[in-house]
Structure formats: C-alpha cells, structure tokens
4 protein chains.
Amino acid sequence: MNKVTNFTKRQKDIIDVSIKIIAKNGIQHLTIKNISKSLGISEPAIYRHFESKLDILLAILLDFKIKMQNSIDHIQALGKTSVEQIEVMFFSHFREFVNNPALAAVIFSEEIFQNDKRLARQVKSIMKLSQDFITSLIQEGQQTHMVRDDIPHEQLSLIILGALRLIVTRWRLSDTAFDLEKEGHNLWKSIKKLIYPVNSNIL
Amino acid sequence: MNKVTNFTKRQKDIIDVSIKIIAKNGIQHLTIKNISKSLGISEPAIYRHFESKLDILLAILLDFKIKMQNSIDHIQALGKTSVEQIEVMFFSHFREFVNNPALAAVIFSEEIFQNDKRLARQVKSIMKLSQDFITSLIQEGQQTHMVRDDIPHEQLSLIILGALRLIVTRWRLSDTAFDLEKEGHNLWKSIKKLIYPVNSNIL
Amino acid sequence: MNKVTNFTKRQKDIIDVSIKIIAKNGIQHLTIKNISKSLGISEPAIYRHFESKLDILLAILLDFKIKMQNSIDHIQALGKTSVEQIEVMFFSHFREFVNNPALAAVIFSEEIFQNDKRLARQVKSIMKLSQDFITSLIQEGQQTHMVRDDIPHEQLSLIILGALRLIVTRWRLSDTAFDLEKEGHNLWKSIKKLIYPVNSNIL
Amino acid sequence: MNKVTNFTKRQKDIIDVSIKIIAKNGIQHLTIKNISKSLGISEPAIYRHFESKLDILLAILLDFKIKMQNSIDHIQALGKTSVEQIEVMFFSHFREFVNNPALAAVIFSEEIFQNDKRLARQVKSIMKLSQDFITSLIQEGQQTHMVRDDIPHEQLSLIILGALRLIVTRWRLSDTAFDLEKEGHNLWKSIKKLIYPVNSNIL
DNA sequence: AATGAATGAGATTTCATTCAT
DNA sequence: TATGAATGAAATCTCATTCAT
C-alpha cells in the first residue's frame with residue numbers, strides 16, 4: 001500500500017550516511033570523500049549509484065517526502081478524530097527523531113537546500129505536505145467543535161507546527177540533552193489546552 | 001547607552017554583504033572571493049579587516065547579538081506591560097526582517113553555523129537571549145494575571161517563539177511573497193487570544 | 001581477392017560508433033563510456049572485443065588502411081589510363097565521404113592520432129599509401145605525355161592531394177553544407193586542366 | 001598600426017607552452033597540470049590568468065588570428081602585385097612555421113578545436129581569413145591577366161592553400177625532417193607555373 | 001590600505017580498466 | 001558473452017590564505 005522508493009541498498013546507504021554527516025558537521029562537510037570514507041569505498045564508486053552530488057541531496061529529500069506521505073496516509077487510516085490524529089503525528093515525529101537524530105538536523109534546515117532551485121522546490125513541497133495536513137485536521141476539528149474556532153485554522157496550524165519545529169531544534173542544538181519524547185508530550189498537552197474550544201475549559 | 005560594536009565601516013560592509021550572500025545563495029557561496037567581488041575589492045583586502053573567514057561569521061553573529069540585546073534593553077525601558085513588550089518585540093522583529101530580508105535568512109538558520117564550536121556557542125547564546133526574554137515576560141504576565149497560568153511559562157514562550165520563527169521562515173521561503181508585517185499582526189492577535197487568562201475570554 | 005579484416009561484427013560496430021563519436025564531438029569525447037552507451041552495452045563488454053582503447057584506435061586506422069588498399073587495387077584493375085585512375089580515386093573518395101561523413105572527419109585529422117607512436121606510425125603509412133599511388137600515376141601520366149612534365153611529379157601529386165583534402169575539410173567544417181560530389185567534380189575538371197601538358201611551355 | 005592583443009606576459013607564456021604541448025603530445029596532453037609544470041608554477045596559478053581551459057584555447061586561436069590579420073595587412077601595404085603578394089604570404093608562413101613548428105601542428109588541426117562551438121566558430125573565421133585573402137588576390141591577378149582566368153578563382157585559391165597546408169602537414173608528420181623553406185620555395189615555383197595564363201587555352 | 005601572484009589542500013567528476021558473478 | 005561494482009589515477013577548478021610590493 002505504501003509508496004516505495006526505488007532506491008537500491010547502496011543508494012539507501014549513501015542517503016543515510018549523508019544525513020549523518022550533515023547532522024554532525026554541517027552541509028559543508030558533506031563531500032563525496034566523506035561519504036565514501038564513511039562507507040569504506042572509493043570516491044568514484046559513489047558515482048555508480050548517483051549521477052552527482054545534487055542527486056544525493058535530492059534523494060535525501062525525496063526519501064523523507066515519501067516517508068512523510070506514508071506516515072500521513074497511515075495516520076489518516078487509523079479512524080481517529082482530528083485532534084487525535086495531530087497527536088499521533090506529533091508523537092510519531094518525536095519518536096522518529098529520537099531514533100534518527102540526524103534526520104531532525106537535516107529536515108528542519110531548509111536553508112541547507114537553498115542553493116539550488118530543484119532542491120528548494122522539493123523543500124517547499126515537503127513543508128506544504130505537513131502544513132496542509134495539519135491545517136485540514138484543524139479545520140475538521142473546528143467543524144466538529146473539538147477545536148476552538150475563534151482563531152483561523154491556518155494560524156492554529158502555524159502555531160502548532162512552529163512549536164513542534166522549535167522544540168526539535170532546541171533538542172538538537174542541546175545535543176539531545178533532554179528527553180524529547182517526554183518534553184514533546186508535555187508540549188502537546190499544553191497545545192491541546194490552547195486549542196480546545198474556549199467554553200469547554202470552564203468544565 | 002547602547003552597547004556599540006567596534007566594527008569599522010569596512011567591517012560592517014563585509015558583514016552586510018556576507019549576510020546577503022548567505023541569504024541569496026546559501027552558506028556554501030560565502031567565499032572570500034564572492035565577498036570581495038561584491039565589495040569591488042581584492043581578496044587579500046578582506047584580510048585587512050578580518051583575520052579569517054571564521055571571524056567574519058563570528059562578527060555576523062556578534063553584530064546580531066548586540067542588536068538584539070539593544071532591542072531588548074530598549075523594549076524594557078519603554079515602561080510597558082509584559083504582554084505589550086512581547087508585542088513590541090514581535091512587531092520590531094517583523095519590521096527589521098522586512099527592511100533586511102537577508103537577515104531573516106541567516107538568523108533563524110542555526111544549522112549554518114554548526115560546523116564550528118565557537119560559532120555554535122554564539123548561536124546558542126543568541127537563541128537563549130530571546131528565549132529568556134520572552135520567558136521572563138510570560139512569567140511576569142502570569143504573575144500579573146495578564147497571561148493564563150494553566151500552562152507552564154516555558155511552553156508558552158516556546159509556542160510564541162516557534163510561531164514567530166515559522167511565519168518568518170515561510171515568508172522567506174515564499175520569496176517574501178506575502179506581507180509579513182500584516183500577517184504578523186494577525187498572528188499576534190491570535191496568540192494574544194491564546195495566552196489570555198481563560199476566564200477573561202468569556203467576557 | 002580483397003584483403004579482409006578479421007574484425008567481428010561487434011568489433012566493426014565499435015569501430016563505426018567510435019568514428020562517429022570522434023567526428024561529432026572530437027577525440028576527447030571518445031571514451032569507453034560513450035562507446036558503450038552508443039552501442040547500448042556495458043563498459044566492460046567493450047573489453048570482450050578490444051583489449052584496450054588504443055586497440056580501438058588502431059583498428060579504426062587499420063580498417064581504413066585496408067579499405068584504401070582495396071580501393072587502390074580495385075582502381076588499378078580497371079584498365080584505365082593514369083589520369084582516369086586519379087579521377088576514379090577522386091570520385092570514389094567523395095562518394096565514400098558523402099556516405100560516411102564521419103570518416104572524413106577522422107581520416108584527414110592526423111593530429112588526433114599523434115599521442116602514441118604506434119598510432120602515428122599507422123597514420124603515416126596510410127598517408128604514404130595514397131601519396132605513393134597518386135605520385136606513381138602522375139609519373140606514369142608524364143611518361144605517356146598525358147600529364148605535363150615541366151613540374152616534378154611529387155609536387156603535382158602534393159597539389160592534387162592537398163586540394164582533395166582541403167575541399168573535404170571545408171565541406172566538413174561547413175557541416176556538409178554544400179554538395180561535395182558536385183563541387184568535387186568541378187574541382188577535378190580544373191585540376192585536369194592544370195595538369196594537362198601545355199604547349200606554351202615550349203616557348 | 002598593428003592590432004595588439006591585450007594578453008599579459010604570463011598569458012602569452014601560457015599560450016606559448018600550450019601550443020608546444022599540443023604540438024608535441026596532442027590536445028589530450030594539454031592539461032592544466034602540464035601547462036603549470038611547464039611554467040614551473042602551481043596549477044591554481046593558471047586560473048589567475050585564464051578563467052578556464054577553454055579560454056586558453058580561445059586565446060591561442062585569437063592570438064593566431066590577430067597575427068594573421070597583421071600579416072595580411074602588412075603584405076597588402078607592400079605595394080606588390082597580386083602574385084607577388086601570394087608569394088610573400090607563402091614564404092612568410094613557411095618562415096613562421098620553421099621558427100615555431102608547434103604552431104604548424106596546431107593551426108592546421110581544426111579538428112582539435114571541434115569540441116566546442118565557440119572554438120569551432122573561431123577556427124572557421126581564421127580559415128575564412130586566409131581563404132578570402134588568397135581568393136581576392138587570385139581574382140585581382142586574373143583581372144590583370146597575371147593569372148589564368150580559365151579556372152574559377154575560388155578553385156585556384158583552394159588548390160594553392162591545399163598545397164600549402166599539405167606540405168606543412170607532411171613536414172610536421174616527418175618531424176621536420178626536410179627543409180620546409182626550400183621545399184616550399186620549389187612548390188611555389190611550380191604553383192606559379194600552374195597558375196600563369198596559358199596561350200594554349202586560346203585554341 | 002590595497003593588490004597581483006601565488007599556493008597547498010581539497011572539491012567534484014571522469015577516465016580506462018579489473019574482477020566476481 | 002555480458003554486467004554491476006569497484007578503483008587508482010588524473011582531470012578541472014575552487015578554497016582560504018600568504019607574501020612581496
């Protein structure tokens with residue numbers, strides 16, 4: 001059912017180590033030499049698997065995009081309420097980042113990919129994916145009176161995603177010094193309070 | 001009263017074009033050659049003003065840090081309530097970014113500066129500056145019952161700053177396609193609603 | 001009767017596409033990768049048919065040399081006068097180049113093959129072949145008083161071959177923009193006039 | 001009076017050694033490494049003087065083109081008859097090639113420059129220069145009855161230039177084994193005979 | 001204060017070729 | 001007969017930086 005990338009095993013290896021290199025030392029250290037060294041093969045060998053370095057970066061983004069789309073499809077299929085779906089998305093993001101901290105470093109760093117039009121386009125479409133998903137869930141929540149409707153859905157969505165991004169960024173810049181999943185759960189509890197319909201808070 | 005940088009005119013020029021280069025083409029295009037070309041001088045001339053490229057990056061951060069500190073000092077001196085102070089900070093940020101979009105591209109891109117410990121430390125201290133400022137204002141707001149106190153102040157601060165960051169990021173990735181000041185004002189109105197003490201919403 | 005090359009079908013394919021690649025993009029684009037891509041096979045597959053790239057270049061030259069030798073043998077067997085034989089050689093060259101323009105690009109480009117002694121030797125022997133053939137025909141023509149003998153046969157031969165080469169070169173550099181066979185015929189008419197015995201020399 | 005190239009001393013050095021490298025080992029040995037080694041400087045140093053390797057090749061052609069134009073201008077200013085002018089051009093070419101054999105290897109090797117459109121265009125314009133010059137001289141010679149007019153001037157010009165090119169090519173492929181100036185003079189004597197007006201044509 | 005010339009290190013990429021399958 | 005994976009060598013070019021002037 002899931003969309004599947006056509007990446008070969010070696011291509012996946014390259015994508016993985018590339019993400020790790022970027023996360024650890026920054027995009028400027030993502031060199032063919034460093035990739036090949038990490039994999040224990042020669043530099044030209046990389047070019048058997050990707051035509052150019054740009055293609056590696058595009059593959060990182062494409063891989064993430066497909067994963068995210070699958071995650072969204074999965075969540076939508078769970079038969080949960082809109083607010084519960086946001087919760088699932090929140091928590092699954094946190095879990096993924098804890099398991100693969102390097103991904104967090106790369107995926108919220110749109111700037112990394114700004115130096116090429118094709119990369120920038122892909123980054124934008126990834127951002128749009130999560131944005132549209134959350135926005136439509138909020139809208140649905142407002143229609144079912146599970147989310148306060150005195151604030152435009154786009155802004156609620158922006159606030160939620162902004163908080164998600166910033167907590168992940170802080171976690172990463174702190175060198176994963178705090179428990180992201182725990183803090184993330186607390187953050188979600190607060191967000192839930194914030195977005196609940198106003199009168200219900202009285203109860 | 002303000003802290004003042006000791007940067008010479010030429011140093012300021014270099015800082016400015018460096019920010020512009022990063023904003024336009026990414027950190028990888030920030031080369032001595034590109035800086036000197038933008039300024040119409042030779043490459044060695046740059047070294048009259050900065051000892052190394054790292055020093056230029058540090059200067060960018062230091063310059064921003066001092067500006068931000070001055071801005072905070074200024075806001076605190078206005079004699080406003082804590083919520084009003086957050087509002088002023090919000091709006092002055094937006095105005096600054098509209099006047100200097102390149103700055104927005106650089107200043108929320110912590111990843112750019114991750115490949116060196118000195119840079120990373122500076123980035124963290126800048127983040128801490130705004131975080132501490134907002135957090136203390138929220139805390140004060142809670143004590144004066146102008147801000148709801150059923151949500152920890154750190155989380156409210158995180159949500160506010162996260163929203164601020166994300167709207168600026170979107171504005172930048174959209175190539176400044178929407179009116180950041182207008183959308184920012186609307187966002188702030190929504191945030192104000194969210195953080196107001198719960199019962200007061202009934203009125 | 002003809003000498004026959006022992007080249008297999010695949011080897012001939014390789015020779016052909018190699019000539020085309022050189023003609024179209026220059027010797028620097030003649031790479032194993034480009035050859036194999038043109039043939040739709042893998043790079044190592046080339047090495048089933050030729051031991052090395054040098055061997056491919058040698059094969060191109062050898063193939064042409066044998067063709068030329070066969071052509072010379074054929075012309076000599078026609079039982080024509082010496083001037084008629086030159087004419088036949090002229091015209092058959094033009095026809096061959098029109099049918100296979102790539103060949104023209106390669107065969108008058110001795111420089112292409114200068115970077116290896118074995119190649120250079122082969123090139124020289126090919127040049128000698130046509131030179132000797134024409135020279136001996138001119139000499140024979142002079143002995144039978146069909147060609148003026150007030151000019152050394154080597155020089156007449158050089159002038160004839162030089163004209164042949166240059167018109168082909170111009171045709172090729174013009175991207176075959178003119179009708180080589182027609183212009184070639186006109187050129188031959190003029191050359192015939194030039195080399196006919198002249199009475200005026202008696203004066 | 002002469003057109004002058006704006007090449008710096010270093011640029012001229014680079015052009016010179018490049019021609020020598022091509023002449024000696026072929027275009028494929030013209031590498032930045034070989035150029036820099038010949039000059040005793042580092043590879044990056046080359047890029048102070050030319051933006052790219054292509055620019056070096058273009059400079060070689062431009063340099064030759066200007067020299068040739070100056071040579072043509074000079075010859076035309078001598079106040080000689082058209083046939084004498086061709087003679088001067090012939091001999092000065094031979095002298096130049098004897099003094100700088102490498103130039104001969106490069107300048108009649110149009111194929112070397114075929115892999116780039118800008119190079120190919122420049123090559124064509126150089127060929128046109130000499131072609132037009134000779135053709136107009138022949139035409140003038142025919143009008144003044146110093147050159148036979150029973151053969152179209154374009155063809156006489158082609159025959160003359162073809163002979164010039166081929167003798168130079170042979171001299172080069174023989175590793176300058178014969179005396180080009182002496183053989184060239186003999187060739188010219190023969191050509192002069194060939195192109196003189198013929199009484200026999202009257203018949 | 002500025003520059004022209006230079007360089008060691010290293011970037012991406014291509015080359016001909018090999019080898020296990 | 002063919003290929004996927006790999007490689008050492010080398011190509012072009014860029015980088016931050018230095019130094020004499």
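Here is how names work: the chains are called A, B, and so on, in the same order as the sequence lines, proteins then strands, and each is numbered from 1. As the structure is a computational prediction, the values presented were derived from the model and not from experiment. Hydrogens, waters and symmetry mates play no part in the numbers below; they use all other heavy atoms, side chains included.
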Between [X] and [N], is there a contact of a side-chain N or O with OP1 or OP2 at under 4.0 Å?
X       : N      : result
B:His29 : F:dT14 : no
D:His49 : E:dG4  : no
A:Arg10 : F:dA6  : yes

Mind checking if [X] touches a base, just sugar-phosphate, or nothing, with heavy atoms under 4.0 Å?
X       : answer
C:Leu30 : sugar-phosphate
D:Ile46 : nothing
B:Ile32 : base

Under the side chain to side chain contact (heavy atoms under 4.5 Å, CB included) criterion, do A:Ile112 and A:Leu30 qualify, and how do the steps go? CA-CA 11 Å; A:Ile112 292 176; A:Leu30 184 72; over 6 Å; no

By nearest-nucleotide position on DNA chain E, the 5'-leaning member of B:Gly40 and A:Glu43 is B:Gly40

Please figure out whether A:Thr31 or D:Thr8 has its closest DNA chain E nucleotide nearer the 5' end. D:Thr8

Expressed in angstrom and rounded to an integer, what is the separation of [X] atom [atom1] from [N] atom [atom2]?
X        : N      : atom1 : atom2 : answer
A:Phe50  : F:dA6  : CZ    : P     : 13 Å
A:Asp116 : E:dT12 : CG    : P     : 15 Å
C:Ile56  : E:dA16 : CD1   : P     : 9 Å
B:Ile21  : F:dT14 : CD1   : P     : 16 Å
D:Asp13  : E:dA6  : CG    : C1'   : 15 Å
A:Ile41  : F:dG4  : CD1   : P     : 17 Å
B:Leu39  : E:dA2  : CG    : P     : 10 Å
A:Lys9   : F:dA5  : NZ    : P     : 12 Å

Mind checking side chain to side chain donor-acceptor pair (under 3.5 Å) for B:Glu111 and listing every partner two or more places apart, or none if nothing turns up? A:Ser109, A:Arg172

Compare the minimum distances between each of F:dT17, E:dT13, E:dA2 and the side chain of A:Lys53, then state the nucleotide with the smallest one. E:dT13

Nucleotide nearest B:Tyr47 when distance is taken to its side chain, options F:dT18, E:dA16, E:dA2: F:dT18

What pair of heavy atoms forms the shortest contact from B:Leu119 to B:Phe113, and how long is it? CB-O, 3.2 Å

Any luck finding a side-chain donor-acceptor pair between C:Ser38 and C:Lys20 under 3.5 Å? no

Can you tell me if B:Lys124 has over 12 outside heavy atoms packed within less than 6.0 Å of its NZ? yes

Heavy atoms from other residues, nucleotides or ligands near NZ of A:Lys53 exceed 12 (cutoff 6.0 Å): yes

Under 3.5 Å for both donor-acceptor distances, Watson-Crick or wobble: does [N] have a partner, and if so which one?
N      : result
F:dA16 : E:dT7
F:dA9  : E:dT14
E:dA1  : none

Mapping A:Pro44 and B:Leu54 onto DNA chain F by nearest heavy atom, which one lands closer to the 5' end? A:Pro44

Of B:Arg48 and B:Lys33, whose closest DNA chain F nucleotide lies nearer the 5' terminus? B:Lys33

